[in-house]
K.L.:
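Supplied in structure tokens, the structure appears directly below.
Model, not experiment: these values are computed from the prediction.
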Amino acid sequence: FGMGRKKIRTVTTHHGAMIRPDLRSRLYERLYALLARWRADLMCSVSESEYRLLRERGWPKSRLVLHRNGIDRPALTWDEKNNACRANEFRFVTVARLSPEKNHLRLFAVMKEFNKISAQPWHLDVVGSGPLEAQLKNLRHSLGLENRIRFLGFMPEAWQLVHNYQLLLLFSLGEGLPVAVLEAAW
């Protein structure tokens, strides 16, 4: 049994353990890291602190690699970066999977309150897709923000769009170094 079969090599990524929002998530991360240590051939860590944590937990250096969470995209010109500031309305964007840990429910609640106090026109574009999409569209309707919040769906090259906005909004419950922030700051 199993003779002559090739072993399937597995590579996994470890990030965000230092900022897990609740006990359940932290326990899940511990279990994941323990199982991955037993089964994975290689673990990629996205930050020095995560790398040190894994080393402290007994991961051998030979099966651990540091791969900083980085981006690779062309730099924007000064005019491209400043076009958003010339707008006559606030333009916000959020770029994230539409799932509970990204906390769009809180974002929408904040935007409802912002709508009450803002004298200037504004809109929020939601870039992403996921299991909460229908619920969030219903929430947008119930909050009376249909004319303020647009859903653009998943965009693989969202960084090309972000410079058209004045502010990137992220309400995640736990993030190490979000790629959306890196791309927006570029």
K.L.:
Using every non-hydrogen atom in the two residues, find where Pro121 and Arg148 come nearest and quote the distance to one decimal.
P.N.:
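The answer is CA-NH1, 3.7 Å.
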K.L.:
Does Thr94 form a side-chain contact (heavy atoms from CB on, under 4.5 Å) with Leu170? I'd like the steps, not just the answer.
P.N.:
CA-CA 6 Å; Thr94 185; Leu170 294 176; 4.0 Å; yes
K.L.:
Report the residues that fulfil ring-ring contact (aromatic ring centres under 6.0 Å, His included) with Trp59, sequence neighbours left out, ordered by chain and then residue number.
P.N.:
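If we apply the ring-ring contact (aromatic ring centres under 6.0 Å, His included) test to Trp59, skipping adjacent residues, there are no hits.
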K.L.:
For residues Val65 and Leu53: do they belong to one hydrophobic cluster (side chain heavy atoms under 4.5 Å, members Ile, Leu, Val, Met, Phe, Trp, Tyr)?
P.N.:
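Val65 does not cluster with Leu53.
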K.L.:
Can you measure from CZ (Arg97) to OG (Ser172) and round to the nearest 0.5 angstrom?
P.N.:
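Reported to 0.5 Å precision, the distance equals 12.5 Å.
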K.L.:
Take a 6.0 Å sphere around CG of Asn147 and say whether it holds more than 12 heavy atoms from other residues, nucleotides or ligands.
P.N.:
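At most 12 heavy atoms, drawn from other residues, nucleotides or ligands, come within 6.0 Å of this atom.
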K.L.:
Any side-chain heavy atom of Leu132 sitting closer than 4.5 Å to one from Lys102?
P.N.:
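No - every pair of side-chain heavy atoms lies 4.5 Å or more apart.
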K.L.:
Answer yes or no: is there a side-chain heavy-atom contact under 4.5 Å between Gln135 and Leu139?
P.N.:
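A side-chain contact under 4.5 Å is absent here.
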K.L.:
Keeping the roles fixed (side chain from Asp41, backbone from Val11), state whether a donor-acceptor pair exists under 3.5 Å.
P.N.:
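No: the side chain of Asp41 does not pair with the backbone of Val11.
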K.L.:
Which value, rounded to the nearest 0.5 Å, describes the distance between Arg52 atom CZ and Leu66 atom CG?
P.N.:
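Those atoms lie 10.0 Å apart.
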K.L.:
For the CZ atom on Arg63, are there more than 12 heavy atoms of other groups (residues, nucleotides or ligands in this structure) within a distance under 6.0 Å?
P.N.:
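Yes - once you tally the heavy atoms of other residues, nucleotides and ligands closer than 6.0 Å, there are more than 12.
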K.L.:
Verify, without hydrogens or angle tests, whether Arg91 (side chain) and Asn164 (backbone) share a donor-acceptor contact under 3.5 angstrom.
P.N.:
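Present.
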K.L.:
Do Trp122 and Asn115 make a side-chain contact, defined as non-hydrogen atoms from C-beta onward lying under 4.5 Å apart?
P.N.:
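Sidechains of Asn115 and Trp122: in contact.
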K.L.:
Between His104 and Phe108, how do the two ring planes meet: parallel, tilted or perpendicular, split at 30° and 60°?
P.N.:
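Answer is perpendicular, since the angle exceeds 60°.
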K.L.:
With rounding to the nearest 0.5 angstrom, report the NE2 to CZ distance, His123 to Phe92.
P.N.:
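Nearest 0.5 Å value for the NE2-CZ distance: 9.5 Å.
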K.L.:
First locate atom CD of Glu146, then atom CZ of Arg140, and finally report the distance between them rounded to the nearest 0.5 Å.
P.N.:
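The distance works out to 6.5 Å.
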K.L.:
In terms of side-chain geometry, is the basic nitrogen of Lys137 or Glu133 positioned less than 4.0 Å from the acidic oxygen of its partner?
P.N.:
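Looking at Glu133 together with Lys137, the answer is yes, because their closest N to O distance falls below 4.0 Å.
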K.L.:
If you measure from CZ on Phe154 to CG on Leu98, what distance do you get to the nearest 0.5 Å?
P.N.:
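Nearest 0.5 Å value for the CZ-CG distance: 11.5 Å.
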K.L.:
Ignoring hydrogens, what is the shortest heavy-atom contact between Met43 and Ala36? Give both atom names and the distance.
P.N.:
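So the two residues come closest at CE-CB, 3.8 Å.
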K.L.:
Heavy atoms, side chains only, cut-off 4.5 Å: are Leu136 and Leu105 in contact?
P.N.:
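Leu136 reaches Leu105 side chain to side chain.
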K.L.:
So, do Leu152 and Leu161 sit near enough that their side-chain heavy atoms are less than 4.5 Å apart?
P.N.:
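Contact flag for Leu152/Leu161 side chains = yes.
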K.L.:
Under the side chain to side chain contact (heavy atoms under 4.5 Å, CB included) test against Arg150, which residue among Leu145, Asp125, Val126, Leu124 passes?
P.N.:
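Of the listed residues Leu145, Asp125, Val126, Leu124, the side chain to side chain contact (heavy atoms under 4.5 Å, CB included) partner of Arg150 is Asp125.
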K.L.:
Can you name the nearest heavy-atom pair linking Leu64 to Ser45, along with the distance?
P.N.:
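Scanning both residues, the minimum pair turns out to be CD1-CB, 4.5 Å.
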